[in-house]
Number of protein chains: 4
Amino acid sequence: MIKVGIIGATGYAGAELVRILAGHPKVELSVLTSRQYAGRKFSEIYPAMDTIIKHKLESYSPALINGRADVVFMGLPHKLPMAMVPELLDTGVKIIDLSADFRFQDVSLYEAHYQAHSAPELLAESVYGLPEIYFNRIKKARLVGNPGCYPTTVLLPLIPLLKKGFLDISTIIADAKSGVSGAGRSATLTTHFCEVSESFKPYKVAAHRHNPEMNEVLSTEAGKKITITFVPHLVPMSRGMQTTIYAGLCKSGITRADVASCLNQFYADSPFIRLIENRTPDTQNVRGTNFCDIGFQIDQTNNRLILMSAIDNLVKGAAGQAVQNMNIMCGFDQTTGLANVPYPI
Amino acid sequence: MIKVGIIGATGYAGAELVRILAGHPKVELSVLTSRQYAGRKFSEIYPAMDTIIKHKLESYSPALINGRADVVFMGLPHKLPMAMVPELLDTGVKIIDLSADFRFQDVSLYEAHYQAHSAPELLAESVYGLPEIYFNRIKKARLVGNPGCYPTTVLLPLIPLLKKGFLDISTIIADAKSGVSGAGRSATLTTHFCEVSESFKPYKVAAHRHNPEMNEVLSTEAGKKITITFVPHLVPMSRGMQTTIYAGLCKSGITRADVASCLNQFYADSPFIRLIENRTPDTQNVRGTNFCDIGFQIDQTNNRLILMSAIDNLVKGAAGQAVQNMNIMCGFDQTTGLANVPYPI
Amino acid sequence: MIKVGIIGATGYAGAELVRILAGHPKVELSVLTSRQYAGRKFSEIYPAMDTIIKHKLESYSPALINGRADVVFMGLPHKLPMAMVPELLDTGVKIIDLSADFRFQDVSLYEAHYQAHSAPELLAESVYGLPEIYFNRIKKARLVGNPGCYPTTVLLPLIPLLKKGFLDISTIIADAKSGVSGAGRSATLTTHFCEVSESFKPYKVAAHRHNPEMNEVLSTEAGKKITITFVPHLVPMSRGMQTTIYAGLCKSGITRADVASCLNQFYADSPFIRLIENRTPDTQNVRGTNFCDIGFQIDQTNNRLILMSAIDNLVKGAAGQAVQNMNIMCGFDQTTGLANVPYPI
Amino acid sequence: MIKVGIIGATGYAGAELVRILAGHPKVELSVLTSRQYAGRKFSEIYPAMDTIIKHKLESYSPALINGRADVVFMGLPHKLPMAMVPELLDTGVKIIDLSADFRFQDVSLYEAHYQAHSAPELLAESVYGLPEIYFNRIKKARLVGNPGCYPTTVLLPLIPLLKKGFLDISTIIADAKSGVSGAGRSATLTTHFCEVSESFKPYKVAAHRHNPEMNEVLSTEAGKKITITFVPHLVPMSRGMQTTIYAGLCKSGITRADVASCLNQFYADSPFIRLIENRTPDTQNVRGTNFCDIGFQIDQTNNRLILMSAIDNLVKGAAGQAVQNMNIMCGFDQTTGLANVPYPI
């Protein structure tokens with residue numbers, strides 16, 4: 001049993017971490033913090049957890065963690081974690097940060113899209129926490145930058161085919177769609193039920209901060225600079241993210257079987273990737289799970305590949321992937337605590 | 001480990017049974033049947049379960065079960081179970097039937113609201129599967145009639161106060177609201193997304209078949225004939241059921257503390273009853289769980305008690321309660337396999 | 001053509017007034033004010049209206065209205081209108097106030113549930129704007145207190161039967177359900193999509209401020225003090241309100257035909273009341289209209305009447321009823337501008 | 001006043017036609033037919049229309065229309081209209097067919113994606129009813145093939161830029177999203193509330209029958225063969241369609257101003273096109289209207305244009321566009337009966 005703390009436990013990703021970790025057989029959930037609700041019981045904020053989660057929310061200080069946690073998850077907004085991580089690391093804990101602060105290798109890229117970075121020296125050490133790609137590096141990491149939800153849906157389908165050399169890298173377009181929980185728990189007009197219901201719309205068109213994150217990882221994996229077109233959309237549902245990706249095939253004659261075989265081989269040992277052929281990836285079928293469902297179609301006329309992925313943005317797109325990273329960092333089977341049977345509806 | 005079969009595994013209640021039982025530590029899910037989909041994989045019908053549930057759906061016959069199940073759940077429409085149960089019981093299995101066929105003690109009541117009963121001799125033996133009330137009888141039963149979802153929300157809040165003699169039995173009214181999954185998985189205009197969305201409405205006003213079921217149990221518990229007014233409503237959501245019950249207090253001077261104390265004592269040993277004082281029962285807070293949340297308020301001016309309950313209609317209102325019954329019948333702790341941590345949203 | 005102003009045009013009720021009045025054949029929409037958005041175009045706040053509504057939002061002052069409006073609607077939160085109405089009335093305009101400030105006859109009742117009243121002398125003059133009941137008084141009014149949405153759904157079904165002497169007044173219970181727009185446009189956790197979706201719950205149980213409003217009108221109409229039990233609930237939908245009312249019949253032998261005849265006669269000349277016999281009142285069927293659908297059922301066993309009503313909370317429950325009042329005050333046919341054909345879904 | 005009939009009035013598009021035409025100042029709605037509900041009142045099928053639409057549904061025969069209609073709308077499934085149209089045209093009526101039967105110029109294209117065409121001789125005469133493009137031909141037509149909903153969202157943004165020569169025609173991709181009403185009113189598992197809610201998914205990937213329809217019109221307008229990649233998705237909402245289109249700019253240096261100017265000039269006289277710059281096209285803002293909102297963004301890095309459009313699939317995507325066509329064919333202003341003020345939410 002390891003002791004685990006969550007800094008920032010009351011946002012949607014934090015609360016999802018609580019859900020998963022409370023049922024994790026190798027974890028004792030030891031510390032939950034909240035800036036807004038310190039002093040109250042966690043279950044007052046999430047009454048669904050009443051009688052199940054008995055923790056009180058505490059106010060964070062580095063001293064608070066001291067000796068009470070082997071692993072710390074950070075569920076805070078960008079900018080806060082980088083101020084806290086250096087000191088925390090020194091206490092010997094392993095850290096999985098769900099913000100963007102430790103996702104980038106190139107500090108200038110981070111600074112162009114977020115703000116000045118206060119701990120750039122850690123970027124060389126921090127590992128991008130996409131386990132299907134960086135398993136071995138995660139295994140040895142003490143600091144993991146957990147991927148953004150959109151990048152997760154874009155990188156997992158693309159990387160195998162990119163590495164195989166199947167794709168014309170100048171043609172890649174990702175059209176992504178997210179449920180409302182991706183916007184967080186803050187009360188805003190954008191998340192008001194009456195404004196969301198019956199509303200489907202693009203936003204931050206070719207201007208979302210997850211775009212440079214994808215670009216950096218894709219470029220690293222392909223070994224050349226890749227800049228894709230990325231447009232996110234908001235869907236009137238709570239959870240779920242589905243992305244449809246378009247990419248020209250870089251030579252003729254690539255068949256369905258070639259693509260299927262490439263994906264199947266690449267993900268042969270990845271328990272959370274489901275390659276599906278008889279249906280399309282649907283958010284309802286991954287809801288509440290750590291799966292990334294991947295499907296594809298070839299548009300023969302245009303020799304263009306259409307890749308489709310679906311995840312639960314709060315699980316494989318955030319808390320579930322973070323726990324998967326923890327499992328790997330701690331030497332557990334990566335599915336530990338993540339194998340819940342999904343709801344039929 | 002016991003072997004468990006589900007007859008009728010592809011309706012919503014059946015699929016929810018699959019979800020719960022597949023994660024149950026003392027159960028091996030051995031047989032799943034379907035009239036409509038026999039021969040196909042269960043996960044083709046519920047793709048969320050892909051890679052997790054590997055069972056093929058079979059076509060039911062009594063011989064099919066022979067030796068392959070210690071306990072059988074029946075997730076079939078009313079009328080079918082009563083034709084199958086007698087023969088099945090003879091093979092020595094324990095049966096939990098989710099239909100109405102074995103819920104009534106008085107066969108004439110069943111026949112007035114359903115149809116002629118083909119196995120009336122079993123009604124004396126069958127036990128009404130509301131564990132918070134009939135734990136000891138369920139423990140010894142080989143045939144349990146699993147309660148209707150509406151009756152579960154009505155009986156649990158009322159029975160303690162009725163038995164305490166607090167309520168004027170001629171004044172009881174239950175105004176109940178159900179999510180759409182209560183209507184089943186059949187494709188009908190009533191369950192069409194465009195007809196349900198933005199639609200809230202009463203239906204089967206004072207004419208629902210769950211009304212006589214409630215009446216019979218309430219009358220038994222109170223020791224006198226009770227006939228309540230019951231009006232169900234349809235809510236534009238998938239899961240969840242909330243009922244608000246009105247009853248005159250039969251003498252003055254009954255306080256909040258008296259009601260709270262009555263409920264708290266009655267349910268002191270009931271792990272799935274949550275008595276809540278600082279909020280109201282909300283379907284979102286019980287979603288995916290076997291809890292029944294109960295709250296109340298006294299309308300002082302009218303000396304009237306307002307009881308409120310909330311359940312997940314597919315869990316405590318169907319599959320979860322059925323598994324709770326199985327646990328009791330098999331000598332397991334009643335929470336086994338039912339203690340999943342709920343989703344925060 | 002009359003000139004009409006809306007003070008507080010950007011809340012949901014205000015914007016619905018804009019929708020209706022912009023299509024009203026006898027109205028020129030002359031002034032729209034907003035505290036929050038003054039200086040911006042109305043259609044920036046409600047982009048659906050782009051190219052249709054060209055008005056700029058102005059900042060309210062009494063001088064602003066001077067000469068620019070014959071009728072003023074007030075779409076402001078309680079407390080603000082009573083400070084503004086006396087001065088405005090002096091300029092000769094007719095006023096329809098959508099807040100609670102001028103709904104009560106008994107100032108102490110208002111003050112017990114809201115706050116001290118700064119213009120109590122106007123309560124004797126102001127008319128409760130329920131046209132089906134107070135048509136003649138509204139006709140002569142210069143100040144109308146537009147009813148609350150919940151009271152509209154409770155009063156319209158009850159008053160005819162109360163006046164007929166059919167109901168045991170000590171037994172009346174109203175169980176009401178509202179869409180989320182009833183909570184207004186402010187961004188709060190309560191209206192967050194992820195908190196509302198799949199959530200159905202009671203709130204302000206026997207403690208809602210619309211309860212004394214109903215009580216006062218019912219008592220006036222019955223000629224004796226009536227205090228009903230009232231419980232509102234929140235439904236995961238944008239618009240719509242449905243109320244189910246329970247009342248003991250005060251003698252035996254009252255038939256379906258008696259109730260139908262009472263309602264039919266009472267509402268023979270009320271174009272917005274639809275008495276329905278073959279279905280139940282459903283929010284979807286009144287969405288976007290000024291109708292109040294009314295149905296009923298008798299629970300014979302308990303000699304109890306079940307009345308059901310459905311309205312669109314923003315139309316018959318707010319803006320539509322306000323325009324109906326304006327029509328009557330100005331001598332127009334009461335349906336003018338309110339006869340839009342509803343959407344099929 | 002012209003007399004108008006609707007053949008197939010009880011599907012969603014047919015009922016939306018009833019809504020619009022019942023409020024149309026130059027139309028008398030004379031005949032409504034239904035195969036399924038003949039003999040019943042229209043308002044029994046759509047109770048929202050109760051007291052407003054008094055028509056009885058009739059059973060179609062050519063004789064039925066004789067003299068009772070100047071214009072006929074056909075709201076039937078593909079294949080039925082082509083069998084009926086020749087005879088009907090002979091009676092002298094003008095016809096607007098909402099199916100695909102008269103949308104294609106090239107009969108072989110129709111036959112490849114639908115079935116054998118029984119009235120191919122009429123294709124040369126029939127006009128594709130996209131008024132912003134074919135106004136003058138529609139004006140003189142007696143038979144109009146009303147466009148599919150998806151093609152409407154794809155063609156309107158693309159055609160001006162295609163004709164201007166801005167786009168690399170080999171790179172066009174349309175990623176489209178539709179509300180559930182697009183699937184029609186038939187009860188199917190696909191439209192079941194519980195299967196749709198929280199589900200977002202692609203379907204008929206690069207295999208939808210609206211794709212050849214788009215291709216034919218785009219090719220005609222561009223004067224060369226164009227085959228785009230088209231992927232539709234299903235959104236958990238009732239109404240609305242939003243499409244995001246990606247196309248390489250065919251030379252460098254094309255600016256935002258160039259694109260805006262091209263669109264603005266092209267649609268200067270098109271009252272239903274709203275070009276928007278400060279927000280993105282959102283289905284909620286066109287709900288219930290005949291607008292097509294169009295926005296765009298340039299992805300500078302990739303010199304790629306991102307076009308976005310939003311319509312109400314039942315209005316501009318079906319019934320509204322059909323009425324716009326009727327207005328043009330009959331010499332009315334094209335906005336007649338279509339200028340309703342939209343709902344704020």
Side-chain angles (χ1 to χ4, degrees), chain B residues 170-179 192-207 211 215 227-231 233-244 246 248 279-285 287 293 295-302 304 306 308 310 344-345, chain C residues 170-179 192-207 211 215 227-231 233-244 246 248 279-285 287 293 295-302 304 306 308 310 344-345:
Chain B
S170 70
T171 63
I172 304 174
I173 293 164
D175 188 291
K177 301 90 180 177
S178 173
H192 192 298
F193 186 86
C194 300
E195 307 288 323
V196 167
S197 176
E198 294 287 308
S199 162
F200 181 92
K201 66 175 171 202
Y203 70 101
K204 293 188 189 162
V205 179
N211 199 341
N215 290 342
T227 312
I228 74 169
T229 297
F230 172 66
V231 180
H233 301 72
L234 194 64
V235 187
M237 62 186 183
S238 285
R239 285 168 175 251
M241 178 167 285
Q242 193 276 323
T243 300
T244 301
Y246 304 87
R279 52 182 183 96
T280 55
D282 180 340
T283 57
Q284 205 189 48
N285 288 327
R287 187 175 161 89
D293 281 0
F296 72 93
Q297 204 60 253
I298 296 174
D299 174 359
Q300 301 287 358
T301 318
N302 294 298
R304 192 172 280 143
I306 302 162
M308 293 158 282
I345 55 162
Chain C
S170 70
T171 63
I172 304 173
I173 292 164
D175 189 290
K177 302 88 178 176
S178 173
H192 192 298
F193 185 87
C194 300
E195 306 289 323
V196 167
S197 175
E198 295 287 308
S199 162
F200 181 92
K201 65 175 172 203
Y203 70 101
K204 293 188 189 162
V205 179
N211 199 340
N215 290 342
T227 311
I228 75 169
T229 296
F230 173 66
V231 179
H233 301 71
L234 194 64
V235 187
M237 62 185 183
S238 286
R239 284 168 176 250
M241 176 167 286
Q242 193 276 324
T243 299
T244 301
Y246 304 87
R279 52 181 183 96
T280 56
D282 179 339
T283 57
Q284 206 189 48
N285 288 328
R287 188 174 160 89
D293 280 1
F296 72 93
Q297 204 60 252
I298 296 174
D299 174 0
Q300 302 285 0
T301 317
N302 294 297
R304 192 172 282 146
I306 302 162
M308 294 158 282
I345 56 162

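Worth saying up front: this structure is predicted, and the values here are computed from it rather than measured. Keep in mind that the numbers below use all heavy atoms, side chains included, and drop hydrogens, waters and symmetry copies.
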Verdict with supporting geometry, B:His233 and B:Asp175, side chain to side chain contact (heavy atoms under 4.5 Å, CB included): CA-CA 8 Å; B:His233 301 72; B:Asp175 188 291; 3.2 Å; yes
Closest-packed option against chain B by number of heavy-atom pairs under 4.5 Å, given C:Gly295, C:Pro202, C:Pro344: C:Pro202
Which of C:Gln297, C:Gln242, C:Met241 touches chain B most, by non-hydrogen pairs under 4.5 Å: C:Gln242
Exam field: side chain B:Thr280 to backbone C:Lys201, donor-acceptor pair closer than 3.5 Å: no
Portion of C:Asn302 that has a non-hydrogen atom of chain B nearer than 4.5 angstrom: side chain
Residues that B:Phe193 engages under ring-ring contact (aromatic ring centres under 6.0 Å, His included), provided they are two or more places apart: D:Phe193
Chain B interface, residue from C:Gly179, C:Ser197, C:Ser238 that has the most non-hydrogen pairs under 4.5 Å: C:Ser238
Part of C:Gln300 lying under 4.5 Å from any heavy atom of chain B: neither
Option that, when pairs with chain C are counted at under 4.5 Å, heavy atom only, ranks first among B:Asp282, B:Ile298, B:Asp299, B:Ile306: B:Asp282
Most chain B-contacting option - heavy-atom pairs closer than 4.5 Å, from C:Ser199, C:Ala207, C:Ala206: C:Ser199
Listed partners of C:Arg239 passing salt bridge (charged side-chain N to carboxylate O under 4.0 Å, His left out), at least two apart: C:Glu16, C:Asp312
Close side-chain approach of C:Asp293 to C:Arg279, heavy-atom, < 4.5 Å: yes
Portion of C:Leu234 that has a non-hydrogen atom of chain B nearer than 4.5 angstrom: neither
Chain C contact via B:Thr301 - side chain, backbone, both or neither, heavy atoms under 4.5 Å: side chain
Options C:Asn285, C:Val196, C:Thr229, ranked by heavy-atom pairs under 4.5 Å with chain B, top entry: C:Thr229
Side-chain touch C:Lys177/B:Val235, heavy atoms, less than 4.5 angstrom: no
Backbone of B:Ile345 reached by a side-chain donor or acceptor of C:Glu198 within 3.5 Å: no
Any donor-acceptor pair under 3.5 Å from C:Asn215 side chain to C:Ile228 backbone: yes
Option in C:Pro281, C:Ala310, C:Gly248 with maximal non-hydrogen atom pairs under 4.5 Å from chain B: C:Pro281
Contact origin within B:Val205 toward chain C - heavy atom pairs under 4.5 Å: both
